[in-house]
Structures are given as structure tokens and as C-alpha cells.
Amino acid sequence: MKELEAAKITEVVALLCKEANFELEDDVQDALEKAFEKEESPAGKEVLRQIVENSRIARSEQIPMCQDTGLAVIFAELGQDLHITGGDFETAINEGVKNGYTDGYLRKSSLADPIRGGNTGDNTPAVIHLTLVPGDRLKLWIVPKGGGSENMSRIAMMKPADGVEGIKKFVVDNIRAASGNPCPPVIVGIGIGGTFERCAQLAKKALLREIGSKHSDPFYADLEEELLGLVNDLGVGPMGFGGITTALAVHIEVAPRHIASFPVSMNLNCHAARHKYIEL
Amino acid sequence: MAEYSLKTPLKDEDIKKLKAGDKVSLTGTVYTARDAAHARLVALLDDGKELPIPLEGQVIYYVGPSPTPPGKAIGSAGPTTSYRMDPYAPALLDNGLKGMIGKGARNDAVVDSMKKNVAVYFAATGGAAALISRSITSAEVVAYEDLGAEAVRKLTVKDFPLIVAQDCQGGNVYEEGQKKYRKE
């Protein structure tokens, strides 16, 4: 059986927590630069100019692009033929988060108790979504997630009768209400189906997809495109100052649902859409 | 859309000329506070106790910076979402606060208090935290050190790029700007 040292996982997670916060991925950078070229509103264009310049500064100085360096969300696909040695998986991840957030001068935003507070001091624990898959590799997505856009995310247990029109209304109404709060231009992750908790997770997973990528099912690819048009027609614009760029992308992920339920969720990501991927 | 350079502390005549959508370049002292610090400041006001920072003519920036790397004045320091401070802002405005910096719209209670007290709400670009940190030349924790990133800091800023988001006459860049580009 193939082996992987826990210390290796820690090392990689630490590195990627820093890299994710310092260096925007090319797909996001390109989408922002294109949006800057196209934006018609003077205030919106100025915001996009600042955002593009900001990401260049962050990359060259190796400092966080946003002060909210997020909670460390980690999606992991663990091959069932891979044996982790010298420590347990979750501790290895959390050690990596702790080291990365400390060495990288990243903000520690994790409160130990949701009501009584108390900062954990090292941004642990990570929010880990682990799936066991065939094979002998470990795939990791490191996704620092800030609070501003997370706070504008929503889930609804709709009626099956609400259908596609209900989904469109849910998305449009919530983006309109969110206005400038989630730091638009946003990336919109939509989950449809599953149970309550699966639906929310689908929306988060939808944020991992590359900007510009389409759903493999043409039905959902068309719905993504239609929703992107509807969202941008709202005129919210960069930072809510008005403009033609409210979202850079809409990504949908779906799962089978109960015959009685129609869960729909929307997870927003700010323009600082940070994610890094590695396969070990 | 006019452009102004302003210095803190802000005076009523500075504020009255500002219209939603104007660009402002701010220089001087600003204090930082977010959720936890606001709760403490307003609790002191409720008890009639003295605050650890002056409010008269001052500007509060809603920010929790990332830790300061060696050789820098401050870490990355962009605005946090302002609506979370709405429950506290009117009490501070009643006690002399003249400006607030954050992102996203404020509620009616804050707007009414801004009109009554002649105050202004500025927006900085959310997520432009590395860029904004270049406008901050010094930072010093002056209260609530136990709050870490949320501690109250006294910042010296030079040419901090801002937009007047909501002015003291009820003007609102979010409503006015979005109406122009809405295609519904």
C-alpha cells in the first residue's frame, strides 16, 4: 500500500494557505482584468482598477490580498489505497493551517466558542470536507473563506412546485439584497438538491470550479448562463456602486433530492476568490 | 462626482459639501474598531464612563488588519462590512463622531443620525487590503489589545482613497449607482 507521511500534508497545507492568500489564481485574475476593460460605470471601473492593482501588490510583496484571510476550508479526496503514516489526517491538516497562518502573518479569525468567543489563536480548526475515493492519491483544495461573502450566503427549503423559476427568484432576490456587502463582483455557487446539509456543501463546492467552466450537463450550463445574465442585469456593480459587473460566474452543482424536498443554496465568494489545488 | 482632499478631524463644513459618489482622499488620524470594540465603547457610553479614544470630529475605520509583517507599518487592512456596526453607530455619532469608513450600505437609523449630527459614511474598496495598507503610515494599538485583530488602533493615513457612500443629506451611492445600471 502506498504511504504518505502526515508531515508532508502539514507542509503542503501550510504553504498553500499562504500562497492562496498572496496569489490570486489566473482564472480569477483574468476575469477581473476583463471586467475592468468592459465595465461602464466610472465608480465600478475605479474599484476594478484598485482590485487588479491590489492583487499585483499582494503577489509581489507576498502579503494577503485581503485582511480577512478567512477560515481555512479544505476539500480533500483521499484514495482508499493510500496509508497516512506518522500521524492522523485531521491533525496534519490543522497543523498545516496553524503553521501557514502564523508564518504567513495571516489573520486569525477563528473564535473557539460561537457565543462566548475566545480566539483560538492559530486559525484552527480547519473546516474539512473529506471524501474517500478509489486510488492511492490525496487531492487537496485549500479554500480560505472570508466572512463578508459567507454572511450573504443563503439556503432555502423550497417546494418542488417552485421549480426553475423559484431558483431564479431565490438567486436574484438574494444578490439584490446582498448589494455591496459580499464584495462584488462575486462568484455565485449554487447547490440544488440533496438534503439540507448536502445542498449547502454543493454550493461551496461549486465555488471551486474554474471561472468560465461550464456544467457538463447542457441543461445546467444554460441555467448558469441565464442566471449570470439575470444577476448582472441587477446593476449592483463592483462594491455595489452600480455597474454591469455584479458576478464573474455562476456555477451550479446538483444532487438527487427527496421527492418532497427542493433544497436550493447559494454560497457567495467575493472577488478575492482564493483557492489552491494539489495532488499528493 | 467631485474630488476632495480632506484632513481629520473633520469639520461640519467639510461634511456638508460632500455628495454620495464623490471621491475623497483622506489624510490624518483615524481609529479602527469593529464588532467587539463597538460593543465595549457603547457599553461605556451607556454607563456614562470615559472612552479610551476621543470621538469629537473623529473618523472610525471598520477594519481588522492582518498581522504586521516585519518592516511594514501594518498588515493588509481593507474594510469590513459596515451593517454589523449599525446598532452601535448612532450612539457614537451622538457623541461627536463625524466619519465612518467601511463597505456596504447603512440602515435608516444610522442615516437619520448622520443627518442629525452632520456626519458622513465613506466606503473603501473591500478586498483591496494590500493596496490600502500603503496609505497607512503608522499604527498603534490604543485600546482592547486582548481583541487581537479587533483591537482599537490609532492609524495615521495619507491619501486614503475613499468614496462618499452615504452623505449627511441622505444621498446614497448604492441606490443611485445601481438604479443607473439596472436592466429589469
Side-chain angles (χ1 to χ4, degrees), chain A residues 21-22 40-44 46-47 50-51 53-59 61-69 101-102 104-109 117 119 121 146-148 151-152 172 176 178-184 230 232-244 246 270-272, chain B residues 1 20-23 32 34-36 39 62-72 74-84 102-105 123-134 146-150 161 163-165 172-184:
Chain A
N21 277 295
F22 300 158
E40 293 167 10
S41 122
E46 169 60 16
V47 164
Q50 288 186 20
I51 290 170
E53 192 188 339
N54 182 70
S55 74
R56 293 210 181 100
I57 294 170
R59 182 184 295 268
E61 296 189 16
Q62 294 285 290
I63 57 175
M65 63 189 83
C66 180
Q67 77 291 336
D68 185 353
T69 52
Y101 274 74
T102 307
Y105 295 89
L106 306 182
R107 199 177 81 182
K108 288 78 179 172
S109 308
N119 199 299
N151 287 343
M152 296 296 117
V172 167
R176 186 195 293 112
S179 185
N181 291 341
C183 286
L230 290 172
N232 283 329
D233 282 351
L234 286 171
V236 170
M239 287 317 292
F241 298 153
I244 63 167
T246 301
C270 55
H271 57 77
Chain B
M1 204 165 79
D22 287 349
K23 282 173 91 169
T32 74
R34 19 181 304 154
D35 312 56
Y62 303 148
V63 59
S66 59
T68 309
K72 301 254 183 205
I74 195 166
S76 296
T80 193
T81 321
S82 305
Y83 73 87
R84 301 196 315 273
K103 68 177 173 84
T125 300
L131 175 76
I132 290 169
S133 70
R134 292 187 162 182
D146 61 297
L147 294 178
E150 294 201 72
I163 294 263
V164 177
N172 181 326
V173 76
Y174 303 103
E175 285 173 9
E176 294 158 23
Q178 293 181 24
K179 207 159 74 184
K180 270 187 222 160
Y181 294 92
R182 194 172 296 146
K183 297 179 209 156
E184 285 180 275

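Bear in mind the structure is a predicted one, so any value in this text is a computation, not a measurement. What's counted below: heavy atoms across the whole structure, side chains too, no hydrogens, waters or symmetry copies. Naming convention: chains lettered A, B, ... in sequence-line order (proteins, then strands); numbering from 1 in each chain.
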With rounding to the nearest 0.5 angstrom, report the CD to CG distance, A:Gln50 to B:Leu131. 5.5 Å
Examine distances only and state if a side-chain atom of B:Ser76 and a backbone atom of A:Met65 form a donor-acceptor pair shorter than 3.5 Å. no
Would you confirm whether A:Asn54, through its side chain, and B:Gly127, through its main-chain N or O, come within 3.5 Å as a donor-acceptor pair? yes
Is the closest side-chain heavy-atom distance between B:Thr80 and A:Asp68 below 4.5 Å? no
Can you say whether B:Lys180 sits under 4.5 Å from chain A via the side chain, the backbone, both, or neither, judging by heavy atoms? neither
Does any heavy atom of chain A fall under 4.5 Å from the side chain of B:Ala149, the backbone, both, or neither of them? side chain
Electrostatic pair B:Glu150-A:Arg107, nearest N-O below 4.0 angstrom: no
So how far is it from B:Tyr181 OH to A:Ser41 OG, rounded to the nearest 0.5 Å? 4.5 Å
Among B:Arg84, B:Glu176, B:Met1, B:Lys72, which residue has the highest count of heavy-atom pairs closer than 4.5 Å to chain A? B:Lys72
Pick one of side chain, backbone, both or neither for A:Ala58, based on which atoms fall under 4.5 Å of a heavy atom in chain B. both
Nearest 0.5 angstrom please: B:Lys103 NZ to A:Cys270 SG, how far? 8.0 Å
Would you confirm whether B:Arg182, through its side chain, and A:Asp233, through its main-chain N or O, come within 3.5 Å as a donor-acceptor pair? no
Pick from B:Gly78, B:Ala105, B:Gly21, B:Pro65 with the largest number of heavy-atom pairs that fall under 4.5 Å of chain A: B:Gly78
Kindly give the heavy-atom pair with the smallest separation between A:Gly240 and B:Gln178, and that separation in Å. O-NE2, 2.9 Å
When the 4.5 angstrom heavy-atom criterion is applied to A:Glu53 and chain B, the contacting part is side chain
Verdict with reasoning, A:Ile51 to B:Thr125, per side chain to side chain contact (heavy atoms under 4.5 Å, CB included): CA-CA 8 Å; A:Ile51 290 170; B:Thr125 300; 4.0 Å; yes
Answer with yes or no whether the side chains of A:Gln67 and B:Ser66 bring together a donor and an acceptor at under 3.5 Å. no
Enter the distance from A:Ile63:CD1 to B:Thr68:OG1 here, rounded to the nearest 0.5 Å. 11.0 Å
If one checks every heavy atom of A:Glu46 against chain B at 4.5 Å, the contacting part turns out to be side chain
Where does B:Lys179 contact chain A at under 4.5 Å (heavy atoms): side chain, backbone, both or neither? neither
Of the listed B:Ala123, B:Ala128, B:Gly104, the one with the largest count of heavy-atom pairs under 4.5 Å with chain A is B:Ala128
Can you tell which part of B:Pro69 gets under 4.5 Å to a heavy atom of chain A, answering side chain, backbone, both or neither? both
List the steps, then state whether side chain to side chain contact (heavy atoms under 4.5 Å, CB included) holds for A:Ile57 with B:Arg134. CA-CA 10 Å; A:Ile57 294 170; B:Arg134 292 187 162 182; 3.7 Å; yes
Roughly how far apart are A:Met152 CE and B:Tyr83 OH, rounded to 0.5 Å? 3.5 Å
Reported OG-to-CG distance for the pair B:Ser82 and A:Asn181, which is rounded to 0.5 angstrom: 8.0 Å
